[in-house]
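Okay, so here's the structure we're looking at.
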Amino acid sequence: MENAINRQWRITRWPEGLARVTDFEWTESPMPRPGHDQALVQNKFLSLDPTNRVWLWDRDTYLPHQNLGDVMRGIGVGTVIESNKAGLPAGTPVYGAFGWQDYAVVNPNDFVIALPEDPNVPLTMHLGLLGHIGMTAYIGLLDIGQIKAGETLVISGAAGAVGSLVGQIGKLKGCRVVGIAGSHEKCEWITQELGFDAAINYRVEQPLVKALAKVNRQGIDVYWENVGGETLEAVLQLMNLKGRVVMCGAIAGYNETDSNAHGMHCVRNIAEIVIKRVRMQGFVCLDYFDRAGEAFAALGEWHRHGKLKYRVHVVEGLKNAPAAMNMLFDGSNHGKLIVAL
Ligand SMILES: NC(=O)c1ccc[n+]([C@@H]2O[C@H](COP(=O)([O-])OP(=O)(O)OC[C@H]3O[C@@H](n4cnc5c(N)ncnc54)[C@H](OP(=O)(O)O)[C@@H]3O)[C@@H](O)[C@H]2O)c1
């Protein structure tokens, strides 16, 4: 360990469109050591999230702007390997924003959570079902969506990490669930394996509003938005009175090159929100981590009883992180996308 090297991906320029490997610089330096009140974490698995691309916008978002030259921000799970920090001894498994690197020094006010040690729970699960992904699905559907039994729930990005959990929770709560996804295989998985009532392959079934109307004859009560743009425009035309739109994400706009237009598609049919008295609300899971205990207890219980399935898509090697991030935008990830370091 004494001579260990810290491999890092640093940001060298703001991407235009899809991020390219040349927007980053690979650096290697000696493993850092923790100072007073600090701990040293060895990062084992890195979470790749659509929001990584949002963090590469040249502006503040829900988190402060990164700077050129910074180690790319990223959520990870790992183990404390050296510590001068009370409450975080060496050997503790941890979750936090450790960045695209092998080793991270944790400062007193950094976001880090000590994880329970359970041989039945793989470390990667804390990046998915029992991490920010599970939190997002649970809080978004129950608190923001205020879902009720008997309602129709439509989800875009339905076969992804968040969307696949949202649909299954919707079924557990007694809803009729329709997913929109980008391939035949994904549509089969959510209907045949996860129990969604119907699925639409948006790449084939166009115009989308027609395909949606065919499987939602009673209209849509709750729409879970992961995509934005034309998908939202289609769904808005079919919303029921007092429906809710849970604004979780707008991935179709994350790679827009105009820095003033990031994710800000001009949405048509917006008057439907007034006509149907629809409530449309955005949220960020980070605001709800004080509810983590409640969310993870419920999600863990459903999973143990086989009522909640999820899949992970692991890419080997930190070196592949920049290229792998784009799998989230061409749909080639099949489950929660993770890089094994
Ligand atoms: N608000 C929050 O706190 C929060 C937290 C976590 C995630 N999110 C958001 O939730 C959404 C899903 O994230 P995730 O981590 O679960 O990723 P994911 O769904 O596992 O992966 C992204 C998927 O989005 C679909 N996609 C990409 N570009 C698209 C486009 N232009 N049109 C339609 N579909 C597209 C692809 O699936 P197809 O094959 O179906 O196209 C891709 O597999 C994102 O918008 C993300 O920003 C929000």
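For reference, positions follow the sequence shown, starting with 1. It should be emphasised that the depicted structure is a prediction, and the values quoted were computed from it without experimental measurement. For ligands, and for the atoms within them, numbers begin at 1 and follow the listed sequence.
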Taking distance alone, no hydrogens or angles, what donor-acceptor pairs closer than 3.5 Å link side-chain atoms of residues 148-155 to residues at least two apart or in another chain?
residue	atom	partner	partner atom	Å
Glu151	OE1	Lys148	N	2.9
Glu151	OE1	Arg244	NH2	2.7
Glu151	OE2	Arg244	NH1	3.3
Glu151	OE2	Arg244	NH2	3.1

For residues 64-72, run the donor-acceptor check on the side chains, cut-off 3.5 Å, and write out each pair with its distance to 0.1 Å, sequence neighbours left out.
residue	atom	partner	partner atom	Å
His65	NE2	Asp58	OD1	2.7
His65	NE2	Arg59	N	3.4
Gln66	OE1	Arg73	N	2.8
Gln66	NE2	Trp55	O	2.9
Asp70	OD2	Asn67	N	2.8

Side chain to side chain donor-acceptor pair (under 3.5 Å) with Asn201: which residues, sequence neighbours excluded?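 Asn201 satisfies side chain to side chain donor-acceptor pair (under 3.5 Å) with no other residue.
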
Answer yes or no: are there more than 12 heavy-atom neighbours, outside Gln146 itself, under 6.0 Å from its atom CD?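 Check passes, neighbour count above 12.
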
Between Trp57 and Trp14, is the ring centre distance below 6.0 Å?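 No, too far apart.
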
List, pair by pair, the atoms of ligand 1 and of the protein that are both N or O and lie under 3.5 Å apart, giving the separation rounded to 0.1 Å.
residue	atom	partner	partner atom	Å
ligand 1	1 (N)	Cys248	O	2.9
ligand 1	1 (N)	Phe283	O	2.9
ligand 1	3 (O)	Cys285	N	2.7
ligand 1	10 (O)	Asn226	OD1	3.2
ligand 1	16 (O)	Ala161	N	3.3
ligand 1	16 (O)	Val162	N	2.8
ligand 1	20 (O)	Ala161	N	2.9
ligand 1	20 (O)	Asn333	ND2	3.0
ligand 1	21 (O)	Asn333	ND2	3.3
ligand 1	34 (N)	Tyr202	OH	3.3
ligand 1	37 (O)	Lys186	NZ	3.4
ligand 1	39 (O)	Lys186	NZ	2.6
ligand 1	40 (O)	Gly182	N	2.8
ligand 1	41 (O)	Tyr202	OH	2.5
ligand 1	41 (O)	Arg203	NH2	3.4
ligand 1	43 (O)	Lys186	NZ	3.3
ligand 1	43 (O)	Asn333	OD1	2.5
ligand 1	45 (O)	Asn226	O	2.9
ligand 1	45 (O)	Tyr254	OH	3.3
ligand 1	47 (O)	Tyr254	OH	2.8

Testing Thr79, Asn84, Val105 for side-chain contact (heavy atoms from CB on, under 4.5 Å) with Leu40, which one passes?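 Answer after filtering Thr79, Asn84, Val105: Val105.
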
